[in-house]
2 protein chains.
Amino acid sequence: MDVHVGGVMAAESGRAKRTTYRHGDLRNALVEAGLELAREGGPEAVVLRAATRQAGVVPNAAYRHFADRGALLHAVSQAAMARLARTMEAEQAEQAALPPAPDAAAAARARFRAVGTGYLRFAQEEPGLFRTAFHVPGDMTYAADATAAGGSGKTPFELLGAALDGLVENGLLPEDRRPGAEFLAWSAVHGLAALLVDGPLRGLLPSQAHDAGQHVIDMIERGI
Amino acid sequence: MDVHVGGVMAAESGRAKRTTYRHGDLRNALVEAGLELAREGGPEAVVLRAATRQAGVVPNAAYRHFADRGALLHAVSQAAMARLARTMEAEQAEQAALPPAPDAAAAARARFRAVGTGYLRFAQEEPGLFRTAFHVPGDMTYAADATAAGGSGKTPFELLGAALDGLVENGLLPEDRRPGAEFLAWSAVHGLAALLVDGPLRGLLPSQAHDAGQHVIDMIERGI
DNA sequence: CCCACTTGTGGACATCGTACACATGGGCAG
DNA sequence: CTGCCCATGTGTACGATGTCCACAAGTGGG
């Protein structure tokens, strides 16, 4: 998993000094720095020179690993998407552990709701990363990219699909309603997330936001 | 309505030369130029120097009318929001003119659906302006701002609220479901718009996008 | 008629992305 | 073990952007 890393010494400011000429893991270091920048400030805060500075390297060194700033931003975006996937998975695990032993249908329903709840939680807790994850430059089918997957190897989109399949298997969703259902559910949840992150619902208290999320998921269950 | 405008002469490139020392309507000219930039390229394409260039003025002149680039972008964003409102109003007018003479309930329902359809049409036809309209810097309650209103004096958010009131008046929506309903509807439609504009649904054919929109609005009517 | 206030100009600076030539040294061929 | 190659990091430079400051030019009110 881990790569050979050149000796690194902390320095005065954010800059990292290193003893070896080679960095050893620059690409990862740049993505990591980019994530930190994106966390506070969103995609536009992912500045190439700032990332290289934090990695203790000259700006141009980035070009050995990324074609341009856009490529770096894209890598950061994928990493942010992976974090979203992990948050969703964590929410599912948490929900599954809570109630003693519900029937299979209730479990499938809980898994479905956890997908949306986790999505919304990530949007609130990490608005910068959320916006970065969905900052799509040019044309893209990122949802299928493995670099956007979480611990289970599934991307956010795939997690949603699996949860919907679970609803069908347990008779909670008619089979003829299944096709295209991910886009209905995703639209509603993503829309609320957008309104919470940088729309008129920004600044809602976490509890209020949670309630709003449950309402939206209620609507999805009724209307899907 | 129109202000005194200094004589303006077309020049070689996008630059506009003028005969008078004063421009006469720089603020509007800058917003107009900003809209053009935003149309192709979204919010990040609203570059202060480019806007002043198109207005035939030196970059610093913008600072007589806007505190900084952010203020200009905000004005452009409000203007884009107003255009969204106009598109929604146009969609409502068109729908109202189509069928011969439906009953009041059907009309209310059509008005409601037109809100969403117009919203989605604008997102597809003017993705750059759509993204700019929802590019909200800092904290903001733009939905209530009059500069974001369309021809009827209503902002997009207010148009939605009025349509929902219409549903209640005609018994199509239980009164106890009314509170907060705008956020449910808005979330779903806005989410689809986001997926269409720069998400995985980008590049959908207009007809496919229209169908997806109708499906989402169906879901809202069922689940609201 | 004249002066003050608004609006546009000119020049300067820090920062950013990026191109091109050059330095370095790690690892593989022999 | 030795020497060279090329991946990786450095230096220098350029154009573009946002923004600051001092200055110029009209314009309209007294």
Side-chain angles (χ1 to χ4, degrees), chain A residues 3-9 11 13-31 33-34 37-38 41-76 135 137-138, chain B residues 3-9 11 13-31 33-34 37-38 41-76 135 137-138:
Chain A
V3 195
H4 165 260
V5 170
V8 181
M9 304 183 63
S13 77
R15 294 169 125 97
K17 274 274 189 277
R18 100 202 87 97
T19 58
T20 54
Y21 180 74
R22 313 288 199 165
H23 180 287
D25 196 22
L26 222 205
R27 191 198 155 91
N28 272 29
L30 289 176
V31 171
L37 293 169
E44 54 270 23
V46 179
V47 169
L48 190 147
R49 290 177 102 109
T52 57
R53 233 172 283 144
Q54 188 149 15
V57 113
V58 101
N60 282 341
Y63 288 87
R64 298 297 172 189
H65 301 273
F66 300 98
D68 55 10
R69 182 197 113 109
L72 168 60
L73 181 52
H74 181 239
V76 174
H135 176 91
Chain B
V3 195
H4 165 259
V5 170
V8 181
M9 303 184 63
S13 79
R15 292 169 128 96
K17 274 275 188 277
R18 96 202 89 96
T19 58
T20 55
Y21 180 74
R22 314 286 212 188
H23 180 285
D25 196 21
L26 222 205
R27 191 197 155 90
N28 272 26
L30 289 176
V31 172
L37 293 170
E44 54 270 23
V46 179
V47 169
L48 191 147
R49 289 177 103 109
T52 58
R53 231 173 284 146
Q54 188 147 18
V57 115
V58 100
N60 282 339
Y63 288 87
R64 297 298 171 189
H65 301 274
F66 301 98
D68 55 10
R69 183 197 113 112
L72 168 60
L73 181 52
H74 181 237
V76 174
H135 175 91

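As a basis for the values below, the full set of heavy atoms in this structure was taken, side chains included, without hydrogen atoms, waters or symmetry mates.
- Residues B:Y63 and B:D68 approach most closely at CE2-CA, 4.0 Å, considering heavy atoms.
- Between A:E44 and A:R69 the shortest heavy-atom distance is O-NH1, 4.1 Å.
- Shortest non-hydrogen contact noted between A:P59 and A:L48 is O-CD2, 3.7 Å.
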Assign a letter to each nucleotide of nucleotides 11-16 of chain C from its 5' end: B, base within under 4.0 Å of a protein heavy atom; S, sugar-phosphate only; -, no contact. B----B
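- Using a 4.5 Å heavy-atom threshold, the side chains of B:N28 and B:V31 count as separate.
- A:E44 has its CD atom 13 Å from the P atom of C:dG17, to the nearest Å.
- The shortest distance between side-chain heavy atoms of B:F66 and B:R27 falls below 4.5 Å.
- If you walk DNA chain D from 5' to 3' and mark each nucleotide with an atom closer than 4.0 Å to a heavy atom of chain A, the marks span D:dA7 to D:dT12.
- Side-chain contact between B:L73 and B:H135 is present, with heavy atoms from C-beta onward closer than 4.5 Å.
- Along DNA chain D, the nucleotide nearest A:P59 and the nucleotide nearest B:Y63 are compared for position; the residue whose nucleotide lies closer to the 5' end is A:P59.
- Inter-residue side-chain proximity for A:V58 and A:T52 is flagged as unmet; no heavy-atom pair is nearer than 4.5 Å.
- Both B:D68 and B:R64 lie close to DNA chain D; mapped to their nearest nucleotides by heavy-atom distance, the more 5′-ward contact belongs to B:D68.
- Nearest approach of B:L72 to B:A51, heavy atoms of both residues: CD2-CB, 4.3 Å.
- A straight line from CG of B:D25 to P of C:dT7 spans 12 Å, rounded to a whole angstrom.
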